[in-house]
Structures are given as C-alpha cells and as structure tokens.
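Shown next, in structure tokens, is the structure this report addresses.
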Amino acid sequence: MSIECQYFVLRTSNFFQDMHELAKAYEPQQVEDRLYSTWLEKGNFKATPGSAKGEKNGYYSIVIPPPNITGVLTMGHVLNNTLQDILVRKARMEGKEALWLPGTDHAGLATQTAVEKYLRKNEKITRHDLGREEFLRRVWEWQKKHGGIIITQLKKLGCSCDWERLRFTLDDRYAKAVQEVFVDLYNKGLIKLDLRMVNWCPGSLTAISDEEVIPKAQKSFLYYMRYEVVEEPGRFLEIATTRPETLMGDTAIAVHPEDERYKALLGKHVWRPFPKAQIPIIADEHIDPKFGTGVLKVTPAHDKADFEIGQRNNLPIIDVLTPNAKINCPEVPELHGMDRFEARKKSVEMLKERDLFIREEAYDNNVGFSERADVPIEPRLSVQWFLKYPKTEEALQVVREQLIKFYPSHWEKVYNHWLENIQPWCISRQVWWGHRIPVWYKKPAGETAPEWNNPSYLREMSRQSGVKIELKCQIQSPGEGWVQDDDSLDTWFSSWLWAYETMDKATRAKFYPTSVLVTGPDIIFLWVARMIIAGLEFQPQGQGSTPDETLKKNIAFKDVYFTGLIRDGKGRKMSKSLGNSPDPLDLISKYGADGLRFGLMRIAPQGQDIRFDEKQIEEGRNFCNKLWNACRFRTMQGDIDPKADPDKHTLTPFAQHILQRLSETNEAINVAFEKFEFSTAASALYDFVWNDFCARYLETAKADFNNAASPTRAGTLATFDYVISHVLRLLHPYAPFITEELWLNLGFGKETIQFASWPRLSAKSRPHSEEAANAYSLVDHGRALRGEFSIPSNQKITFQLLPKETPGNAEIEVLGLLLNAEKVEIVEAAPKNCPVAFTPLGELYMPLAGVIDPAAEKGRLEKETAKTLKDLELTEKKLNNKDMIAKAPAAKVEEWKALHAELLAKRKRLEEQLKMLA
RNA sequence: GCGCGGUUAGCUUAGUGGUAGAGCGUCCGCUUCACACGCGGAAGGUCACAGGUUCGAACCCUGUACCGCGCACCA
C-alpha cells in the first residue's frame, strides 16, 4: 500500500469517528469573513434604546473617534479600535445594551488638499479652475469613492460597530447642528470677527488655530547687521535677527527703556537699508537687553510680539509677504517675488554689498510648523472669526471632581493647564470643503467696484472704521444683495459636537453621556477638551434640578482612556513619510485579525508608548493556534458538555488546581478591566492558557483520557469543558473570531458567544491544591535533572522517588507522563551514585544504567551546595539582625525561619549525597 | 525655563517595601500519538547614577545624567 493510500484511509476513518474534526492549525482566513457576515446578518451589533436588557442591566456607549475620510487604517487605528471593541463586546456579555457608534470626519483641510493634489496630478487643474460649486461636487464624488475604505478595514478587524448608525460630519442634520451652534454662540457674543495676528499656513493658504501649530527645533542662524543712525552719520547700531528677509517691513527699532547703552539714542532714527527709509528708535519693555545686541528690529506685520510693540507705539504696519510667503516688495526688485527662504540668503548678500553685515552665528530655535502642510507658519495679520470658549470653569470642575475620569490620571494636569491659560479659538478657515460660515454681508449702497462682491473683502472692510457694512449671522440667506462669508469652519468646530450630535433624541436619552472615550493624548486639546466644553455649553440632556446634576447629565463621557503612541522598533513615531508603519491589512492576512488584536493588546500597557514589533503579532497568532489545538485535542475525546459542572464529579488534584487557577485568573482579569489595564488582562489569559492549561493540566488529563475505566475521567472531562467555556468567553473581547468559531464548533452554544455571560469567578471560592503544586514542582526538578545529564527528552527513563509520603498510583502515573518516564518507582532507601533532586514530595533519583559520570554529578552537587550556602548566609544574616527580627512583621519572620530550616535540611542531604559519591 | 512620562537580562517589558519575573532572541536536546504557529532544558540582571528614609529599597524621598512628550520663550 502506498503512503498516499494509507494517509487517505487514516483521514477517512478519523472523519467518521469524529464529527467535530478541526483543522490541524487555526486558519483565520477560513473563519473571519464568514463569521463577520453572519454577525451583520443577525444584527448582533445593533443597539436599541429602551430594550428590556438595557432597562434591566444598563446601557453602555462609545462614539468612535471618527477617522478622516482620506485615511486608511493605521496601527494607531488598530490599537484604538481594538480597545473600543473589547470594551463594547465585554459590555454586551455583561448583559448591557451596548452602542458603539461609528462614523467618519470630513477633515476639511486634509480632504481638500488630497482632492486638489488628485486634480493637479490627473487633470492639471486647481480648485480655482473649477470654482467653488464644481470643486465641492468633485470632493463629494471623491468622498463617495474613498470615504468608505477605512470603514471596510475596521470591519476586517472585527469591530462591532452599529453600522446602520454610521455618521458623517457633513450629514445634513449634523451640518445644520454645526451652523446652529455657530449662530447660537454668535448671538451670545462669544463668536466675533477680529483683526489679529493669526498662524498663517503658507502651504494651505489658511489661518489655523494655535493647537495646530507644531513647534520644531531648528538649526538656524542669528544674523548680526548694522543700521546707521540718521542723526549721527558714521554711527551704527548693531541688530541681531533670524529673519533678515523681513527687514523691508521694519517700521522701527526698539531697545529696553532702561538700557544705558542706548538711552541717548531714543527719539533718533536709523536708516533702514532697503527700501531706504528713516525709522525711529523707540523704547519698549519687551526687549531683553541681554539677548543679542539688545536691539530689536520691529516688523509689526510679521511677528506677534512686534505687532504688539507696534500697537503700543503707533507704528505703521508694512506687509512684505504674499499669502504663499513670497516677498511682496516692488520697491526692492531684487527680492520681490522671491520665496521667503531664498530671500533670506539674498538679503544677507545685499547687506554684505552695503557693508552692513557683521556676522552670522549658529542658533537653535523653535519654529512653528503647520500640522497639516508641515511648512513653517507665518504670523499674519488678518480678520478672522474667533470663539471665546464658554464653560471653561465647569470643564475644569467636572474633571477635578472626577465626574470625568482620565486614565492615566496624569493627563488631568495637561488638561487643566490648557484650560487655565485658554486663548480664543480661531475657527475660520480659508477652505471650501467644510461647514460654511453662516454669516452674510451686504455691501454699502452705491459701491460698484467688483471687489465689493467679494465676501472676503467685505469681511475685511467690516473691520475698518468709517465703512458701513451690514452683517447677519443666520443659516438662510437674508435675501438679495447679501453674500455669504467665503470661509469654512475649523473641522474641530464640527467634531466637538460628535459625542451627542450623532445620536437622535431616543438614543441620546439612553446612551448619553457616553461611557468612555478611547483616544490618543495628542488630541486632548483639539478634541477631548472641546467635546467636554460642548457638552456643558449646549446641554444635550437639558437642565437637571441642581447645577451639579446639570453637569452630570451633560458631560460627554464618564471615562477617557488615553492610548499610547505606536512607535517603530527604533522608537520613532510611525508616519507615512517615514514609511515605517506596517499595513494592518497585511498583518491581518498574515496572522489573522485575532492574532493582530491579541498580540497588540499584550504589548500595549496603559499610558506608555508602544514599541511595535511584528514578532508580537506573530505571538498573538501562535496563541490562537495554541488554544485551537487544545480544543482540537478535547474534541478527540468525545462530545463536549456545554453545561459541565466539575463539582458533580470526583476530581484529581490537578483538576482542582486548574479550577483554582481559573478562578484566580478570572478575578485578575476583572480587576484589570476595572482599571483599564488591557495588557495585564491579556497577559493573565495568555499565561493561564499556555502554561497552566496546556503545559500542565492538559498533560495530566492524558492519564484519564487514555484510561476509559478511570474513576476521575468524568471529572477531568467536565473540568476541561468548564475551563474551555470560561476561556473562550474571557478571550472573546480580544479575539472575537476564533472564540466564536470554537464556541459554535465545539457546541458550547447554538447561538453566538457574543451574548454569553461574562464570567466572574472569585479567587477565594476555591482552595489551593498543594498536592498538584508539589507534583508540578517534582516534574520541574525531574526535567531539569534530565537536562543536566543531557538525556534526550524523547528517551524514556526510570525515575526513583524516596517519598516523604507515598503518593497514590494515579498520581504516580501522571508524574510518569509529565516526566516522559518509563516508570516512577517508589524506593525506601536512597540509591547510590545516582543524580538526585530535592522536591517537595521527596528525593527524586535518576538511575542511569551505568552511564553516570560521578565527577559530573559531584560537580553538579557542589554547585547546588554553593547556591544553598549562599541562600543560607542571606537568611541567617536576616535572622541574626536583632532590629530586623524586632521590627519586621511576625509572619515575615516565620517565613524566614521556615526557609532557613528548609535550607539547613537541604544542605544536610547534599552533604550526604556527596559522601556517597566519594 | 516650567510640567509630565521613562531609564530593570542582547531586545520588548512585568513588578509601589521582604532573596528580581515573563516573552522574543541565543545555546543544548527533541518529528514524545493537540500544536515545529510546537515540546523539554540552560545561560543571561551591581534594577541609569549619587545621597537619604527604613530592620529591610528596583519600589518611598532628594538630587544628577540621559531619552521622549507637552507648555512657554523663540530678535
């Protein structure tokens, strides 16, 4: 008979014996899509306000941090959304009515930029070529095509969102709410137009908020130059600057009023080199006499501090930059039209030509970069819409009083600091894609020049005295002759309503405030703090009977869990530009969604950044396979009893031990969940399944499974089923697919595991089994002996035990199994010339049919003696320390004494052994 | 400058007062009838440094160094 033929026969016979046959390895690809579509079909993720179980067991809700429609799934998303899925799946198992509300963010600037890039590349046109209306139509088209990608990816990950509730920040209803909020805040006098220095992004040609400016350390230069004093020809003032390219905009130079070096020059003038002009020497407190030369060139149009100096001293403002940061100064044709950084070099050259340049020195400073376009921002004077934040006091209060709890709590300090120093929020963006500002302007009667039809111009002019421009803040157009503000709102001005504006009234009644928000600390100001403020200001749940109750009803969430950042192996942030971020979908196809989820969770401790290592994901997969095979092994022993109750049977000490460990692990997991310690819970489960269950219990069970007549067989099977049933449920939030597949396949339930009860065993409910622990300890010693003498692990050998108490036959059989022993003999006297290990059950000998090397054994025993002596010394030092005995707790002292006695006995036996060898 | 984290085996890390634990990697041995995505064993750590508190410190306190982050400054 050929090999193939034999194989065929074996497979066939196995198949008929065992209807549950599982594949030899867990194959996620065979399972995931199939199960996920079933879950969707059955509506398992749907949340129903007012349901019976919700009324009975409570409600649980999470709103997803809406990913950008431009985005694709990153490791950050995987981390974040796995955590949310774990929380929401656990809540369902606890019998709660759980809502995980999904959605996406229109991401104004990011999306507009992406579509513009697409148009430039494929059609060689800009948005201005298309015009606002047509451009927006194209963005919507683009969003329909690309906006759903990340949603599909989240499904691949197994996320149990209520997809029928998918929201988008530009949905009609949502958009209306955003505009209503604007009108409301305008009417309250909190939103105002203002002419201020803003952070201008020359890359995206829009103002941005302070929170979107990223300071970056730069290797710059400090340029020293000199301006001639007008009234004292031949005398020069030295000035240090990092930005010589803006000197055309200088309208003064300033010194500290108390600076003796320059006091006499106050009121005089210097020559600005180009375009050549006289500018005054003024005094201002802002100047630090110790910095540079103590002389500052004042450029009010291009620096926030300079602007303020200008205001204090009535200086003119000369803007020498275009919106895209090119020099705008026709009087200096050499520089006009030049990029700002080119112009920096050129202006230095021009100073040199005029003999006004002294030197340059290397200088480290911070430069603000635009978060989105990653180019240095320009301080720029413009008329923008600003919001004065409401409810900042209350926002501090709800966190201080723990109505909202932060995990880890140290983020409270960061949050407090921001709120205590809060500045008005620039909410207008020179962007088309987004929520258009609901403000209308009417040009003054009689003005016919074309610029009067331009809303930006109208807005600017409305800030100028002497020009009368009517302005109305409302959603609908006031009628003919009115033009709407051109700008859109900061994307965060729409996402700050996300926690409740995504819910209808019935949903809100049951699910708001949401239970928890899972997000990254990088958006604590941009999103978290603002959502808290929005909840308190707009009160989606209305007033309570007391002010405190009003706060409590309207907070956006009760807990905030801040994840860590995922870094690569070198500790760098994962980013598209570095290309150091793996594609989660690749990882899913390699290791399965469960492997990815579990592997990541195990290395994601609370509040710490995560060093990503694909090995960890591989381990996640290996863990799934381990569990799979343990279950497969169980199916080979016959049918599973889903209602198995071990306590109805006679149990081996090993069964008692695993039940105790299960209870302990279960409790540890629940404690960890209370504290949002996801990796602790995952590790506890991993350790239990791999080490306690597979490496130990499963091996001991083989004794019963091999013996149909064993009196403990039924108990061992029941224990097996009981443990698996608990493990599957405890693991389900982390690994939804494999647990569901095994749950159904093994027959633990006909229905999904998703609503099976969450286990809450308590550690105290079962006594420790010393007997099993001692047996395992003996096995460890025996295996170590084997290793010491290089006996291959597959070689069956005989062990001899000189017992403290004679163990039962069943236990000896198990010991033999775990030691891979031919047999374990009970002896009454110590054999000679034979390696020994001292175990809690007695002395374990490994007689080696004449192959032992007495010298080797002697060496080994001496090594062990040395270790024992060292331990003895340490213990004696403690026991001889009178202070220690007097002040340490009595229980500790007893422990040390017991250890001491044990070590003494061990030393004695070692000495005897050594004598026997000699 | 202020604040927040961190520094434990080659790597990733657990460990909030009682003789340092794990996984990966390394080395040795195993196709032992659930699993080579595996099994058994071993080597590997003055817990960043310096003081202090304590009977006892990886752990508490103070300071220093280095790494990361945030805020402020940034001519």
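So you know, we letter chains A, B, ... as the sequences are listed, proteins then strands, and number each from 1.
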Hunt down the Watson-Crick or G-U wobble partner of [N], both distances under 3.5 Å, from any strand shown, or write none.
N	value
B/A57	none
B/U32	none
B/G68	B/C4
B/G10	B/C24
B/G17	none
B/C49	B/G63

Selection from [options] that lies nearest to any side-chain heavy atom of [X]:
X	options	answer
A/N366	B/C73, B/G29, B/C35	B/C73
A/A784	B/A42, B/C73, B/G18	B/A42
A/H417	B/C71, B/U32, B/C24	B/C71
A/K615	B/C35, B/G41, B/G25	B/G25
A/R611	B/U13, B/G41, B/U19	B/U13
A/Q616	B/U12, B/U32, B/U19	B/U12
A/R602	B/G68, B/C35, B/G23	B/G23
A/M884	B/C55, B/C71, B/G68	B/C55
A/R632	B/C71, B/U19, B/C35	B/C35
A/A25	B/C74, B/C37, B/G18	B/C37

Distance alone, cut at 3.5 Å: any donor-acceptor contact between the side chains of [X] and [Y]?
X	Y	result
A/K297	A/T299	yes
A/E614	A/Y591	yes
A/N820	A/N794	no
A/W628	A/E741	no
A/S409	A/E412	no
A/E876	A/H900	yes
A/D250	A/Y227	yes

By the 4.0 Å heavy-atom rule, please label [X] as base, sugar-phosphate, or nothing.
X	value
A/R567	sugar-phosphate
A/L565	nothing
A/L899	base

Using the [atom1] atom on both, measure [N] against [M] and round to a whole Å.
N	M	atom1	value
B/A48	B/A42	C1'	29 Å
B/C74	B/G15	C1'	42 Å
B/G1	B/A43	P	48 Å
B/G17	B/G3	C1'	29 Å
B/G63	B/G25	P	42 Å
B/G44	B/G56	C1'	27 Å
B/C59	B/G40	C1'	35 Å
B/C35	B/C30	C1'	15 Å

Heavy-atom side-chain contact between A/M601 and A/S679 under 4.5 Å
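SC-SC contact between A/M601 and A/S679 ruled out.
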
Under 4.0 Å between a side-chain N/O of [X] and OP1 or OP2 of [N], yes or no?
X	N	answer
A/W690	B/C39	yes
A/K413	B/C4	yes
A/N622	B/G38	yes
A/K877	B/C55	no
A/K892	B/G17	no

Taking donor-acceptor contacts at under 3.5 Å, does the side chain of [X] reach the base of [N]?
X	N	result
A/K626	B/C35	yes
A/E699	B/A34	yes
A/S793	B/G29	yes

In this structure, how many angstroms lie between the [atom2] atom of [N] and the [atom1] atom of [X], rounded?
X	N	atom1	atom2	result
A/E876	B/U19	CD	C1'	14 Å
A/L818	B/G40	CG	P	10 Å
A/Q637	B/A34	CD	P	8 Å
A/W896	B/U19	CH2	P	8 Å
A/H286	B/A72	NE2	C1'	12 Å

Want to settle it: does A/E788 or A/C631 sit nearer the 5' end of RNA chain B, counting the closest nucleotide to each?
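So the residue in question is A/C631.
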
Residue closer to the 5' end of RNA chain B, A/V213 versus A/A695 (nearest nucleotide)
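The residue closer to the strand's 5' end, by nearest nucleotide, is A/A695.
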
